[in-house]
Enquirer: 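Quick one: structure below, then a few questions.
Note that these values count all heavy atoms, side chains included, but never hydrogens, waters or copies made by symmetry. In this text, all values refer to a predicted model and were calculated from it rather than measured experimentally. Residue indices begin at 1 and follow the sequence shown.
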Amino acid sequence: MERLPKFPWDVLFPYRKRAAAHPDGLVNLALGDPVDPTPPAVRAALAAAADAPGYPSTEGTPVLRAAAAQWLLRREGVTVEPDAVIPAVGTKELIAWLPTMLGLGPGDVVLVPELAFPTYEVSARLAGATLVRTDSPLSYDGPAPRVLWLNSPSNPEGRVLGTAELRAIVEWARERGSLVVNDECYLDHVWEGETRSVLHPEVSGGSHRGVLAVHSLSKRSNLAGYRAGFAAGDPDVIATLLEVRKHAGHMVPAPIQAAMAAALGDDSHLAQQREHYARRRELLRRALVDAGFRIEHSAGALFLWATRDEPCWTTVGALADLGILVAPGEFYGAAGARHVRVAVTETDERVEQAVKRLAEGY
C-alpha cells in the first residue's frame, strides 16, 4: 500500500456530499460514468451466452478476437491478426498491471503524460519502476523508458495527437527499444481535427513492433458495468501478456466475451451515442464559457478541460455549492492545479440542470 497514492475519488467525497445537498439534487460531472442504455443487441448476446458452465479462455474466443480485428480494420484502417488481440477485464486492469506483466521493476523507467489518467502512474508504482512525467516524449532526454504511455484523445484534457506527432513518437521509441502503449479508449470521440490509432500504417509504418493499442468498450458501447476491453498490436508483447495472464487467472467471463463481439460488430449504436454526447458537450461548453470559464484543448474524449484561472479546489467548491460535482485537475498531475475536468456523460435532464444552475449561479 505504501507504493500507491491515495485513491483520488475518496478525497472528493466531501464535495460530493456538499453537491448532493442541493435542493434539486446532484449533477455528477466528475466521473464520466456512462448513463445511457447498453445496446439491445449486446444485451441479447449476453443473455444468449448465459449458460457458461466451463472456464472461459484467457486469450479470448476466436469469435471475439476476429470481431476485434475486423472492427480495427473497418473503423480504423488497421490490419491485425486475431491472435494479436487479447481481451481484458476492463482496460483499467490491463493498464495497471501491464508493466508488471512485462517484467519491469526497480531501475526501469515508465514514461507518462504530464497530465494523465492516474492509473498510468499506478502501473509504474505497482511494478516498482521509476515514474517520469513529460509533456512530450520527444523532449525527454533521460534513460530510455521500457514503457511509454500515450493517451490520445486524452483524459483529462482532451488533447488529440495528430498522425505526424504519433509517427515521430513511435520512431523515437523504436530507436530506444521502448514499448509505446496508446490508450485509445476515446478514439471514437474526436470532435475537432483528426487522429489515428497508433497501429495505423501511417503511424506505425506498417509494422506493429514495439507498439500496442488499448481499447475500451465502456464509453463507446456503454459497457462500463461489463468490464470489457482489449489490447492489440505487437504479437510478441501479446504473447507475453497471454502467458502471464493464464498463470494469473485474468479471464474475461464467457458471456461478456460474447457481448463484446456483438458490440464490436455493430456500428449503429456508436453513431447514436456520439450524437448524445455531442449535444451534451455543446450545451455544457457554451454554459461554462458564458459563466466565465475558458475551455482548453478538449478536441476529443468525453470531458471539457476548464479553468477560471483559480485553484482547482476553489472551482470544485463553488460548483459543489450549485449541486454540480466536477473533478479537480490536480487528480491528473500538478499541471492541472488550476483546471477542472467536466464530464459530458450525464443524462440530458441532468445536463440541462447544470446549464440552468451555471446561468443562475455565476
Enquirer: Is the shortest heavy-atom distance from the side chain of Val42 to the side chain of Tyr226 under 4.5 Å?
Expert: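 Answer yes - side chains close enough.
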Enquirer: How long is the straight-line distance from OG1 of Thr79 back to CG of Leu72, given to the nearest 0.5 Å?
Expert: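 Reported to 0.5 Å precision, the distance equals 9.0 Å.
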Enquirer: How far does CG of Leu264 sit from CZ of Arg75, to the nearest 0.5 angstrom?
Expert: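 Result: 11.0 Å between the selected atoms.
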Enquirer: Does Tyr55 use its side chain to pair, donor to acceptor, with the backbone of Thr58 at less than 3.5 Å?
Expert: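 No, because the side chain of Tyr55 does not come within donor-acceptor range (under 3.5 Å) of the backbone of Thr58.
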Enquirer: So, does Lys219 use its side chain to make a donor-acceptor pair with the main chain of Gly32 at under 3.5 Å?
Expert: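 Yes, the answer is positive, given that a donor and an acceptor are paired below the 3.5 Å cut-off.
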Enquirer: In terms of side-chain geometry, is the basic nitrogen of Glu296 or Arg341 positioned less than 4.0 Å from the acidic oxygen of its partner?
Expert: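 No.
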Enquirer: Please tell me whether Val342 and Val35 are part of a single hydrophobic cluster in this structure, the criterion being side-chain heavy atoms less than 4.5 Å apart.
Expert: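 Hydrophobic grouping puts Val342 apart from Val35.
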Enquirer: Look only at the side chain of Glu346 and the backbone of Asn28, and say whether a donor-acceptor pair between them is shorter than 3.5 Å.
Expert: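 A pair under 3.5 Å: yes.
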Enquirer: Below 6.0 angstrom between ring centroids: does that apply to His339 and Trp305?
Expert: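 Yes, the ring centres sit under 6.0 Å apart.
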Enquirer: Walk me through it: do Glu310 and Thr315 pass the test side chain to side chain donor-acceptor pair (under 3.5 Å)?
Expert: CA-CA 7 Å; Glu310 63 188 9; Thr315 309; 2.7 Å; yes
Enquirer: Can you check whether Leu46 reaches Arg43 side chain to side chain, under 4.5 Å on heavy atoms?
Expert: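 No, side chains not in contact.
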Enquirer: Are any side-chain N or O atoms of Thr240 and backbone N or O atoms of Asp236, one a donor and one an acceptor, separated by less than 3.5 Å?
Expert: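 Checked: pair present.
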Enquirer: Val80 and Val170: same hydrophobic cluster, using ILVMFWY side-chain contacts below 4.5 Å?
Expert: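 Val80 and Val170: one cluster.
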Enquirer: Among the clusters formed by ILVMFWY side chains lying less than 4.5 Å apart, do Ile86 and Val252 turn up in the same one?
Expert: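 Different clusters.
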Enquirer: Any side-chain donor-acceptor pair under 3.5 Å between Asp183 and Tyr120?
Expert: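 Tyr120 and Asp183 do have a side-chain donor-acceptor pair below 3.5 Å.
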Enquirer: Where the side chain of Arg133 meets the backbone of Val112, is there a donor-acceptor pair that is under 3.5 Å apart?
Expert: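 Looks like no, no N/O pair under 3.5 Å.
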Enquirer: Let me check something: do Val289 and Leu304 share a hydrophobic cluster, defined by ILVMFWY side-chain heavy atoms less than 4.5 Å apart, either directly or through other members?
Expert: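 Same cluster: Val289 reaches Leu304 through Ile, Leu, Val, Met, Phe, Trp or Tyr contacts under 4.5 Å.
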Enquirer: With a 4.5 Å heavy-atom cut-off, do Pro153 and His189 have their side chains touching?
Expert: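 Counting from C-beta outward, Pro153 and His189 never come under 4.5 Å.
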Enquirer: Look up atom CG in Leu212 and atom CG in Leu241, then write down how far apart they are to the nearest 0.5 Å.
Expert: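 One finds 6.5 Å between CG of Leu212 and CG of Leu241.
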Enquirer: What are the two closest non-hydrogen atoms of Pro87 and Gly60, and how far apart are they?
Expert: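 That closest heavy-atom pairing would be CG-CA, 3.7 Å.
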Enquirer: Taking atom CG of Leu31 and atom CG of Leu29, what is their separation to the nearest 0.5 Å?
Expert: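 Answer rounded to 0.5 Å: 10.0 Å.
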Enquirer: Looking at Glu349, I'd like to know if its CD atom is crowded, meaning that more than 12 non-hydrogen atoms belonging to other residues, nucleotides or ligands lie closer than 6.0 Å.
Expert: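 More than 12 heavy atoms, drawn from other residues, nucleotides or ligands, come within 6.0 Å of this atom.
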Enquirer: Nearest heavy-atom pair of Cys312 and Val340: which atoms, and what distance?
Expert: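 For Cys312 and Val340, the tightest heavy-atom pair comes out as O-CG1, 3.8 Å.
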Enquirer: Applying ring pair (Phe, Tyr, Trp, His ring centres under 6.0 Å), run through Phe117 and Trp149 and close with a yes or a no.
Expert: CA-CA 10 Å; Phe117 180 46; Trp149 285 109; 9.4 Å; no
Enquirer: Assess the residue pair Ser178 and Trp172 against the criterion (side chain to side chain donor-acceptor pair (under 3.5 Å)); give the C-alpha distance rounded to whole Å, side-chain angles, the decisive distance to 0.1 Å, and a yes or no.
Expert: CA-CA 9 Å; Ser178 306; Trp172 180 93; over 6 Å; no
Enquirer: Should the pair Glu202-Arg196 be classified as a salt bridge under the 4.0 Å nitrogen-to-oxygen rule?
Expert: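 A salt bridge is present here (some side-chain N lies under 4.0 Å from a carboxylate O).
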Enquirer: Could you tell me whether Glu275 and Arg279 have a side-chain N and a carboxylate O separated by less than 4.0 Å?
Expert: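 Salt bridge: no.
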Enquirer: Strictly by modelled atom types, are Trp71 and Glu76 linked by a side-chain donor-acceptor pair under 3.5 Å?
Expert: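 No, because no side-chain N or O of Trp71 sits under 3.5 Å from a partner of the opposite role on Glu76.
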Enquirer: If only atom types and distance count, is the side chain of Asp290 paired as donor or acceptor with the main-chain N or O of Gly292 below 3.5 Å?
Expert: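 No, Asp290 side chain to Gly292 backbone: no donor-acceptor pair under 3.5 Å.
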Enquirer: Does Leu73 reach the side chain of Val78, with side-chain heavy atoms less than 4.5 Å apart?
Expert: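 Not touching, per the 4.5 Å side-chain cut-off.
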Enquirer: With rounding to the nearest 0.5 Å, note down the distance linking CG in Leu217 to CZ in Phe230.
Expert: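 The distance works out to 7.0 Å.
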Enquirer: Per the side-chain hydrogen bond (donor to acceptor under 3.5 Å, both in side chains) rule, what does the pair list look like for residues 83-98, sequence neighbours excluded?
Expert: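 As it turns out, the side-chain hydrogen bond (donor to acceptor under 3.5 Å, both in side chains) pairs with a partner in residues 83-98, which skip direct neighbours, are Glu93-Arg245, Glu93-His250.
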Enquirer: Is it the case that Ser154 and Ser152 place a side-chain donor and acceptor less than 3.5 Å from each other?
Expert: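 No, because no side-chain N or O of Ser154 sits under 3.5 Å from a partner of the opposite role on Ser152.
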Enquirer: When you measure from the side chain of Thr134 to the backbone of Ser136, do you find a donor-acceptor pair of N or O atoms at a distance under 3.5 Å?
Expert: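 Yes, because the side chain of Thr134 sits within donor-acceptor range (under 3.5 Å) of the backbone of Ser136.
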Enquirer: Using ring centroids (six-membered ring only for Trp), state whether Tyr277 and Trp191 fall under 6.0 Å.
Expert: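 No, ring centres 6.0 Å or more apart.
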Enquirer: Can you measure from CG (Leu131) to CZ (Arg125) and round to the nearest 0.5 angstrom?
Expert: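 Nearest 0.5 Å value for the CG-CZ distance: 7.0 Å.
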Enquirer: Side chain to side chain contact (heavy atoms under 4.5 Å, CB included) between Leu98 and Leu102: does it pass, once the steps are laid out?
Expert: CA-CA 6 Å; Leu98 187 138; Leu102 295 180; 3.5 Å; yes
Enquirer: Apply salt bridge (charged side-chain N to carboxylate O under 4.0 Å, His left out) to the pair Asp309 and Arg338, showing each step before the final yes or no.
Expert: CA-CA 6 Å; Asp309 295 310; Arg338 300 180 74 82; 5.3 Å; no
Enquirer: Any ion pair linking Asp188 and Arg220 (charged N to carboxylate O, less than 4.0 Å)?
Expert: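 Looking at Arg220 and Asp188, the cut-off is met.
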Enquirer: Show the nearest heavy-atom pair for residues Val147 and Val181, with the distance to one decimal.
Expert: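 Heavy-atom minimum between the residues: CG1-CG2, 4.1 Å.
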Enquirer: Is the backbone N or O of Ala213 less than 3.5 Å from a side-chain atom of Glu184, with the two atoms forming a donor-acceptor pair by type?
Expert: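 No, because the side chain of Glu184 does not come within donor-acceptor range (under 3.5 Å) of the backbone of Ala213.
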Enquirer: Could you state whether Val326 and Leu302 fall into the same hydrophobic cluster, counting links through intermediate Ile, Leu, Val, Met, Phe, Trp or Tyr residues with side-chain heavy atoms under 4.5 angstrom apart?
Expert: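 Looking at the clustering, Leu302 is in the same group as Val326.
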Enquirer: Evaluate the criterion salt bridge (charged side-chain N to carboxylate O under 4.0 Å, His left out) for residue pair Glu171 and Arg174; output intermediate values, then yes/no.
Expert: CA-CA 5 Å; Glu171 291 172 354; Arg174 282 177 172 159; over 6 Å; no
Enquirer: If I compare all heavy atoms of Ala262 with all of Ala45, which pair ends up nearest, and what's the gap?
Expert: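 Smallest heavy-atom distance, with atoms named: CB-CB, 3.6 Å.
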Enquirer: Charged N to carboxylate O under 4.0 angstrom, Arg285 versus Glu282?
Expert: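 Salt bridge present between Arg285 and Glu282.
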Enquirer: Are the side chains of Leu319 and Leu358 in contact, using a 4.5 Å heavy-atom criterion?
Expert: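 Side-chain contact under 4.5 Å: yes.
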Enquirer: Indicate yes or no: does Asp348 engage Arg280 in a salt bridge with an N to O separation below 4.0 Å.
Expert: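 Salt bridge present between Asp348 and Arg280.
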Enquirer: Could you tell me if Asp36 and Gln273 have a donor-acceptor pair between their side chains, going purely by distance under 3.5 Å?
Expert: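 Yes - a donor-acceptor pair under 3.5 Å links their side chains.
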Enquirer: What closest approach, in Å, do Tyr140 and Pro145 show between heavy atoms, and which atom pair accounts for it?
Expert: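 The answer is CE2-CD, 4.0 Å.
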Enquirer: Give a yes or no on whether the backbone of Phe293 and the side-chain of Arg308 come within a donor-acceptor separation of less than 3.5 Å.
Expert: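 Checking the backbone N and O of Phe293 against the side chain of Arg308, no donor-acceptor pair under 3.5 Å is found.
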Enquirer: Could you walk me through whether Glu352 and Lys356 pass the salt bridge (charged side-chain N to carboxylate O under 4.0 Å, His left out) test, one step at a time?
Expert: CA-CA 6 Å; Glu352 289 165 7; Lys356 177 175 179 286; over 6 Å; no
Enquirer: In the structure I gave you, are the side-chain heavy atoms of Asn155 and Tyr332 within less than 4.5 Å of one another anywhere?
Expert: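 The answer is yes, as the side chains (C-beta and beyond) meet within the 4.5 Å cut-off.
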Enquirer: Going by heavy atoms in the side chains, are Glu81 and Arg65 under 4.5 Å from each other?
Expert: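 They are not in side-chain contact.
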Enquirer: Any sub-3.5 Å donor-acceptor pair from Asp234's side-chain atoms to Gly210's backbone N or O?
Expert: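 Answer holds: yes.
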Enquirer: For Leu94 and Met101, which heavy atoms make the closest approach, and how far apart are they?
Expert: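 Here Leu94 and Met101 meet closest at CD1-CE, 3.8 Å.
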Enquirer: Taking the side chain as everything from C-beta on, heavy atoms only, tell me whether Ile169 gets closer than 4.5 Å to Leu161.
Expert: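 They are in contact (side-chain heavy atoms under 4.5 Å apart), so the answer is yes.
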